[in-house]
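Read through the structure below, which is laid out as structure tokens, and then see the notes.
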Amino acid sequence: MAVRLYDSLTREVRELKPAHKDGVFRFYNCGPTVYAPAHIGNFRTFTVNDVLRRLLDREFGASNVKHVRNITDVDDRTITQAKKEGKPLAEIAKFWTDKFHADCEALNCLKPTVEPTATGHIKEQVDMIEVLMQKGNAYRSADGSVYFKITSFPGYGALSRIKERELKVTNSAFDADHKDDIGDFALWKAYKPEDDGIVQWDGPKGASSGRPGWHIECSAMIKKHLGETIDLHTGGVDLLFPHHENEIAQSQCCNGTSFSLQWYHSEHLLVEGTTMSKSKGNYYTLDSLVQKGYSAIAVRYALLAGHPRKQLNFTLDSLHAADSALKTLRDFRAKLVTAIKEAAAPATSSRFDAAIAPLCDDLNIPGALGKLFTEVNNPLPTDQGVLKADLKSFDEVLHLIGLKLDEVKAKIPAEISHLAQKRWDAKAAKNFALADTLRAELTKAGWAMLDRKDGYSLEALKQ
RNA sequence: GGCGCGGUAGCCAAGUGGUAAGGCCGAGCUCUGCAAAAGCUCUAUGCGUCGGUUCAAUUCCGACCCGCGCCUCCA
């Protein structure tokens, strides 16, 4: 089934296919800046891209999808953080990169094919800057920095529809820098001892030592790992301008070819109706939600429960809804498995296949979940072959959305187990007054005791 | 000011020129020492407002109202 996706550049939904003759789909997703934990707004973009990746793997074969996602390990924020903690930049970057990886794994995101770092590609960036300087697209400023000259690229603004004269003139970045034009942006930032500490590299010919600008890292890593022309470039909407606009300018001027054939931007996750951001302090991290008793997969579900191109307001209620919905899916799958008793050849199609079409149609994940639940609510078939096909298709849909159903059991403290056993014994002895008192104690301690005929289980109550 | 996204039930959220998927919450019933779980049933004559086109509009067009985002290093 062809995978169709909205293209931010042409503003239409287009079928994705590899442009290169080798049949490899080249896909780049702008990755995190590693100076603090990524918040779940960041992870909305990464989980959406993960679903896309899974669809591409299915469509083209996993070995024909090259998915590159970078790590930004040098920029203003990483340097500031390193200075604040009095640690080397590399140490800060490694710490937060490891944390990012752990969170991605918990959220069941596939690893990208390649995950390059900005500091690992200084030479590639310098090389591109030198070409841009030679071609007259970039210039050295008085302090030894290098800027891209946007008037040298007639196509500038095609993606964001922004015109040079529309740029605000009041921005502080303009005053602090040494560029000729408000729209010009830094390719290389000259070393400043007071800001940069010990972070610096040899610069492009004719420029001072220093560090690369933000935008050039993606252009350089794309060129190295995916080539001059790629099939798809993605990120959050906030990257559309200036980051992606600038990448286009740099790469096309340097390489003289088309850069990305398609663009995709996922919308923001909001919290309390406004953008989540580290500067506002109104953000949730994965850890903070896990501490409240929610599973990482419930977080993933909540992040994917809205259409990726629409803003999604994240609330603890929505997370609770996600948690309950996952339980329904888990129970349904168990019922399905139990119903399969005989060896039989699976039927060729299943009612759950209906959930795949919305996914392929511009990543309509909520639409797919709707189809999925519609079928979950229907009675189980009796035919063994049909049941087998249903299980297979159900699992495929869940795999594409990336919802792992294995329940992560909370660790039960010894005193809670002890209380529970006491209550069970009291109940068996028909001492209901004591049993009720003990249940109240368990509830107070944050645990629900669920009785069955043959025993009981304990569940942590959500905070 | 420029560019962009959106307003569908208590909450979240799909969708279509022909009369509103789904999730959560809630309610009722069955079951049950209690509490759950499970099963069954119910929950928008309505899709921001006002016009227009049409046999027919939540869907197309126009105007307006409201919310959010980006506008030089935010996913």
Side-chain angles (χ1 to χ4, degrees), chain A residues 8 11 29-33 38-49 72 75-77 150 157 160-163 165-168 171-174 177 179 182-186 189 213-217 234-243 245-246 265-270 273-280 301-302 305-307 309-315 317-329 331 335 355 358 364-377 423 427 430-433 435-436 439-440 442-443 448-453 456-457 459:
Chain A
S8 312
R11 298 189 183 183
N29 172 20
C30 282
T33 301
H39 58 61
I40 58 167
N42 302 123
F43 281 118
R44 181 186 196 196
T45 296
F46 298 129
T47 51
V48 164
N49 274 273
T72 298
D75 80 321
D76 288 356
R77 292 173 298 165
I150 64 166
S160 59
R161 272 84 174 164
I162 200 159
K163 296 187 181 76
R165 64 173 173 282
E166 288 164 358
L167 294 168
K168 274 190 186 169
N171 198 281
S172 58
F174 187 56
D177 291 337
K179 49 192 176 184
I182 179 69
D184 294 350
F185 56 90
K189 302 179 91 158
W214 176 38
H215 314 297
I216 194 71
E217 80 173 76
T234 68
V237 269
D238 49 336
L239 297 187
L240 198 146
F241 185 85
H243 186 53
E245 196 71 60
N246 292 351
H265 296 91
S266 47
E267 257 295 347
H268 278 307
L269 187 71
L270 308 181
T274 183
T275 321
M276 187 176 298
S277 75
K278 285 164 192 160
S279 55
K280 286 182 193 162
Y301 188 109
H307 190 109
R309 288 198 293 111
K310 274 175 79 169
Q311 292 171 345
L312 177 67
N313 194 22
F314 180 85
T315 60
D317 274 355
S318 66
L319 187 54
H320 181 260
D323 197 49
S324 300
L326 278 168
K327 181 170 171 18
T328 304
L329 294 176
D331 292 347
K335 260 181 17 186
N364 187 351
I365 302 166
L369 289 171
K371 295 276 190 214
L372 184 69
F373 275 96
T374 300
E375 296 307 334
V376 162
N377 292 332
R423 185 185 156 273
K427 183 187 160 185
K430 301 229 184 275
N431 185 350
F432 295 128
D436 287 350
R439 174 184 287 289
L442 283 165
T443 307
M449 184 164 173
L450 312 177
D451 294 3
R452 294 185 315 269
K453 280 189 176 164
Y456 60 89
S457 54
E459 271 183 19

Problem - Evaluation steps, side-chain contact (heavy atoms from CB on, under 4.5 Å), between A:D76 and A:W214 - result: CA-CA 9 Å; A:D76 288 356; A:W214 176 38; over 6 Å; no
Handout entry: Sequence-distant partners of A:A305, side chain to side chain contact (heavy atoms under 4.5 Å, CB included), two or more places apart
Key = A:Y301
Looking at every strand, decide which applies to [X] at a 4.0 Å heavy-atom threshold: base, sugar-phosphate, or nothing.
X	result
A:F185	base
A:G306	sugar-phosphate
A:T328	sugar-phosphate
A:D331	sugar-phosphate
A:H39	base
A:T274	sugar-phosphate
A:D323	nothing
A:H320	sugar-phosphate
A:S318	nothing
A:L240	nothing
A:S160	sugar-phosphate
A:N364	sugar-phosphate

Output yes when a side-chain donor or acceptor of [X] lies under 3.5 Å from a complementary backbone atom of [Y], and no otherwise.
X	Y	answer
A:D451	A:Y456	no
A:D331	A:T328	no
A:Q311	A:H268	no

Looking only at atom [atom1], what distance separates [N] and [M], rounded to whole Å?
N	M	atom1	answer
B:U49	B:A57	P	15 Å
B:A14	B:A21	C1'	6 Å
B:C42	B:A20	P	16 Å
B:C11	B:G18	P	27 Å
B:U59	B:G67	P	22 Å
B:G22	B:C60	C1'	27 Å
B:C12	B:C50	P	23 Å
B:G23	B:U72	C1'	41 Å

What is the distance, to the nearest angstrom, from the [atom1] atom on [X] to the [atom2] atom on [N]?
X	N	atom1	atom2	result
A:H265	B:G4	NE2	P	15 Å
A:R161	B:C3	CZ	P	11 Å
A:F314	B:A75	CZ	P	18 Å
A:H268	B:C71	NE2	C1'	12 Å
A:K310	B:G67	NZ	P	18 Å
A:L270	B:C5	CG	P	16 Å
A:L312	B:G23	CG	C1'	13 Å
A:D317	B:G10	CG	C1'	10 Å

Practice task
For side-chain contact (heavy atoms from CB on, under 4.5 Å), just list the numbers for A:K427 and A:M449, CA-CA rounded to whole Å, side-chain angles, deciding distance to a tenth of an Å, and then say yes or no.
Solution key: CA-CA 12 Å; A:K427 183 187 160 185; A:M449 184 164 173; over 6 Å; no
Problem - Minimum-distance pair of heavy atoms, taken over all atoms of A:G306 and A:P366 - result: C-CG, 3.6 Å
Fill in the blank from the handout: In short, A:T45 meets A:G235 closest at the heavy-atom pair CG2-C, 4.0 Å
Handout entry: Pair A:E375-A:F373, side-chain contact (heavy atoms from CB on, under 4.5 Å): steps then yes or no
Key = CA-CA 5 Å; A:E375 296 307 334; A:F373 275 96; over 6 Å; no
Exercise for the section: Mind checking salt bridge (charged side-chain N to carboxylate O under 4.0 Å, His left out) for A:D436 and listing every partner two or more places apart, or none if nothing turns up? Expected result: none
Check nucleotides 33-36 of chain B for protein N or O atoms closer than 3.5 Å to its own N or O atoms and list the pairs.
unit_1: B:G33; atom_1: O6; unit_2: A:R423; atom_2: NH2; d: 2.8
unit_1: B:G33; atom_1: N1; unit_2: A:D436; atom_2: OD1; d: 2.9
unit_1: B:G33; atom_1: N2; unit_2: A:D436; atom_2: OD1; d: 2.8
unit_1: B:G33; atom_1: N2; unit_2: A:D436; atom_2: OD2; d: 2.4
unit_1: B:C34; atom_1: O2; unit_2: A:R439; atom_2: NE; d: 3.0
unit_1: B:C34; atom_1: N3; unit_2: A:R423; atom_2: NH2; d: 3.3
unit_1: B:C34; atom_1: N3; unit_2: A:R439; atom_2: NH2; d: 3.1
unit_1: B:C34; atom_1: N4; unit_2: A:D451; atom_2: OD2; d: 2.5
unit_1: B:A35; atom_1: N1; unit_2: A:D451; atom_2: N; d: 3.2
unit_1: B:A35; atom_1: N3; unit_2: A:R439; atom_2: NH2; d: 3.0

Practice task
Using only heavy-atom distances, determine whether the side chains of A:T234 and A:N49 contain a donor-acceptor pair under 3.5 Å.
Solution key: yes
Completion exercise
A:E217 meets the side chain to side chain donor-acceptor pair (under 3.5 Å) criterion, sequence neighbours left out, with A:N70, A:T72
Problem - Phosphate OP1/OP2 of B:C11: any A:N313 side-chain N/O under 4.0 Å - result: no
Exercise for the section: Would you tell me if any nitrogen or oxygen in the side chain of A:T275 comes within less than 4.0 Å of OP1 or OP2 on B:G69? Expected result: yes
Handout entry: Nearest-neighbour nucleotide for the A:Q311 side chain, B:A75, B:G69, B:G22 considered
Key = B:G69
Completion exercise
Among the nucleotides B:C74, B:C3, B:C25, whichever has the atom closest to the side chain of A:S324 is B:C25
Completion exercise
Of A:N377 and A:L239, the one whose nearest nucleotide on RNA chain B sits closer to the 5' end is A:N377
Practice task
Calculate, to the nearest 0.5 Å, the distance between atoms CZ and CZ belonging to A:R439 and A:F432 respectively.
Solution key: 12.0 Å
Exercise for the section: Kindly indicate, with the supporting measurements, whether the criterion side-chain contact (heavy atoms from CB on, under 4.5 Å) is fulfilled by A:R44 and A:E267. Expected result: CA-CA 9 Å; A:R44 181 186 196 196; A:E267 257 295 347; 4.0 Å; yes
Completion exercise
In B/S/- notation (B base, S sugar-phosphate only, - none; protein heavy atoms under 4.0 Å), nucleotides 16-21 of chain B written 5' to 3' is -----B
Handout entry: Any donor-acceptor N/O pair under 3.5 Å between B:A14 base and A:H307 side chain
Key = no
Problem - Contact check, side chains of A:L329 and A:L372, non-hydrogen atoms, under 4.5 Å - result: yes
Fill in the blank from the handout: Note, RNA chain B 5' to 3' with Watson-Crick or G-U pairs under 3.5 Å encoded as ( ), [ ], | and . gives (((((((..(((.....[...))).(((((.......))))).....(((((..]....))))))))))))....
